[in-house]
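Below is one structure, written out as structure tokens; comments come after it.
Lettering of chains follows the sequences in order, A, B, ..., and the numbering in each one begins at 1.
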Amino acid sequence: MLAALSRSGPGWSVQCADDAGVPSGAVVPVVAADVATLEREQRPRWLWDAAAVVYPGLLAAGVRLHRCVDITQHERVLIARAGRYGEPVSTAAVLARRDGRPAPPDVALAPAAEPGLFDDGPVNPAATPGDLLAAHRDQQDRLAAAAGSPAGEAVDVDPAALRLLLAAESASALVAAEMGHLGMPWDVGVHSDILSGLLGPRPAAGERPAVMVRLADDIRAAFGHPVNPDSATDLRAAFRRAGFDIDSTRSWTLQQLDHPAVAPVLAYKELHRLFTANGWNWLQQWVRAGRFRADYVAGGVVSGRWATRGGGALQIPKVVRRAVIADPGHVLVVADAAQLEPRVLIAVSGDERLGALAAADDLYAALADVGFAGRRENAKMAMLGAMYGATSGAAGQLLGTLFQQFPVAMDHVERAARRGEQGRLVSSVLGRTSNRPGPQWWATVDRGAAPDASPAEEQRGRQTARAWGRFTRNFVIQGSAADWAAVWLSCLRRDLTAQVPAAELVFFQHDELMVHVAEADAGHVAALVAATAAEAGRLVFPHAAGGWRVPVRPTVVRCYADAK
DNA sequence: TCAAATGGCGCC
DNA sequence: AAAGGGCGCCATTTGA
């Protein structure tokens, strides 16, 4: 049963329907309590424009829902399948396209200033429950066609795979809203201690911390004249005056130089990063009542990975993870998928020779023994280079071995790269599909290929084409990894909701997740985390020879920094 | 003077 | 011959 929930006028209303989207009742006005009642009595699949819009208000009102069908999450996948990634994805946009009208732009989903009001907040162009049902039917109708390749530009996928992806994207949207609502446990005192330990006491507004001031003095002394270490231009000029012809001041570049300013500059950069990105201001802005709340956007990245807005939740530096501490009587169950991307390469390419190594917990070590004289670092660098498109440098040197030993896997990523260089589309294993390169790309590439192109234009065209090839090469891996992770997350949420309802999924970062749970339930949760990882493997890679596995070993800790 | 672009670096 | 993928965020620089 479906329950279409929308705001189409002053308040919210709901209309029930069968699974095909055919209405089975009238449109009824509702408040949050009515939603809770319907959930308890009927447990429908809630059909809505976007969980990101509707669900936070319900959560704030204390209403938690089991399942949803999220029109915008589905549309993002479907529209990309049609080679039109980036076009509007709201219910109104779906219906407009169906009717051959121009699609209205999506409303920017700014984080609600006052989260919690079911009745307020941003909303995409108005939709009635009837609109939701019509859009849902339209999406169901398009699903079979979407599995096929649009104009031969993308690879066909199994309709069942696409259906799995859509379900996972809807569930992920629920998780994202719940995660934003719950937040990660965050100990402000511990974080403050980390900051004062490294930076000195909190400076007055607009001032630099004492330790950074001292380093800035050291830098000035080393150069013999004033230099603003916050200015890349200034810093580069100073090193050039000192006789080092550098064109950037990236840490890696500076490390190569023999000059007394290098050490204090590198130290300064590190502290500057901590101070500006995760310093006292960050604490004040993002941590409330012992929780760090960010806005998670499930599938917000073209490859299907999550994005966040605000707080930099997917870039929490290791040094401050010491501040992530479970509540009294609680623990954190933390798990990541070890070496996920090379294992995904094995599955999507069907390379059995490479797959034979996957039984090892440490795939890179096994690979090292096969072709890299036991040198794990080299094996790892080569494998990452293959998936990112490295051609030169150390990784480039090592790629030859992979080409020789694992032609099936290498051919898979090479083919993806060639498609990208031609401006064609690629898809993940479940059918998530890349965007098209823009007009600027085509102009540059076409100019380079023109008979009267200058050598410089030819080179620029080649570089531009190859850059897109690196993107599509990586897309088939990163996107498929995101597919697996989304299914993992969905399965875990399903099981936690049913079996350990008090457990809180509080963090998810590409291939890693964290559950905050009462100590007594930790073992149960850890078992579910591992079991759902295996289940996701079976669902996402059903054809993998000999089964597909990725080591997921949950650790139970009080503090995030102690995980692994 | 403001907004957009750039440089740099954190995470995966 | 050959420039490693995806992000978000901050401060500085650039340019309209």
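Between A:K318 and the phosphate of B:dG10, there is no side-chain N or O to OP1/OP2 separation shorter than 4.0 Å.
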Every protein N/O within reach of nucleotides 1-3 of chain B N/O, cut-off under 3.5 Å:
none

Q. How does each nucleotide of nucleotides 4-9 of chain C score, in 5' to 3' order, for protein heavy atoms under 4.0 Å: base (B), sugar-phosphate only (S), or none (-)?
A. BBBSBS
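Residues A:H191 and A:W282 place their aromatic rings such that the two centres sit under 6.0 Å apart.
Counting only heavy atoms from C-beta outward, the side chains of A:Y560 and A:V334 approach each other to under 4.5 Å.
Here salt bridge (charged side-chain N to carboxylate O under 4.0 Å, His left out) pairs that include residues 382-406 of chain A, with residues two or more places apart or in two chains, number zero. Pairs engaging residues 380-428 of chain A under the ring-ring contact (aromatic ring centres under 6.0 Å, His included) rule: none recorded [sequence neighbours left out]. For residues 387-413 of chain A, the pairs satisfying salt bridge (charged side-chain N to carboxylate O under 4.0 Å, His left out) are A:D411-A:R415, with sequence neighbours left out. Annotation: salt bridge (charged side-chain N to carboxylate O under 4.0 Å, His left out) contacts involving residues 379-397 of chain A, sequence neighbours excluded, are absent. Applying the ring-ring contact (aromatic ring centres under 6.0 Å, His included) test to residues at least two apart or on different chains, the pairs with a partner in residues 229-252 of chain A are A:F223-A:F239, A:F239-A:H259, A:F244-A:H259.
Contacts of A:R322 classified as side-chain hydrogen bond (donor to acceptor under 3.5 Å, both in side chains), with partners at least two apart in sequence or in another chain: A:D562. Checked against side-chain hydrogen bond (donor to acceptor under 3.5 Å, both in side chains), A:W286 has no partners two or more places apart in sequence or in another chain. Not a single side-chain hydrogen bond (donor to acceptor under 3.5 Å, both in side chains) links A:D446 to another residue, sequence neighbours left out.
Here the P atom of nucleotide B:dG8 and the CG atom of A:L266 are 13 Å apart, to the nearest Å.
Across residues 227-242 of chain A, A:D230, A:S231, A:T233 each have a non-hydrogen atom less than 4.0 Å from an atom of DNA chain C (numbered order).
If one axis is set at each end of the helix from B:dT1-C:dA16 to B:dC12-C:dG5 from five pairs, those axes are 10° apart, to 10°.
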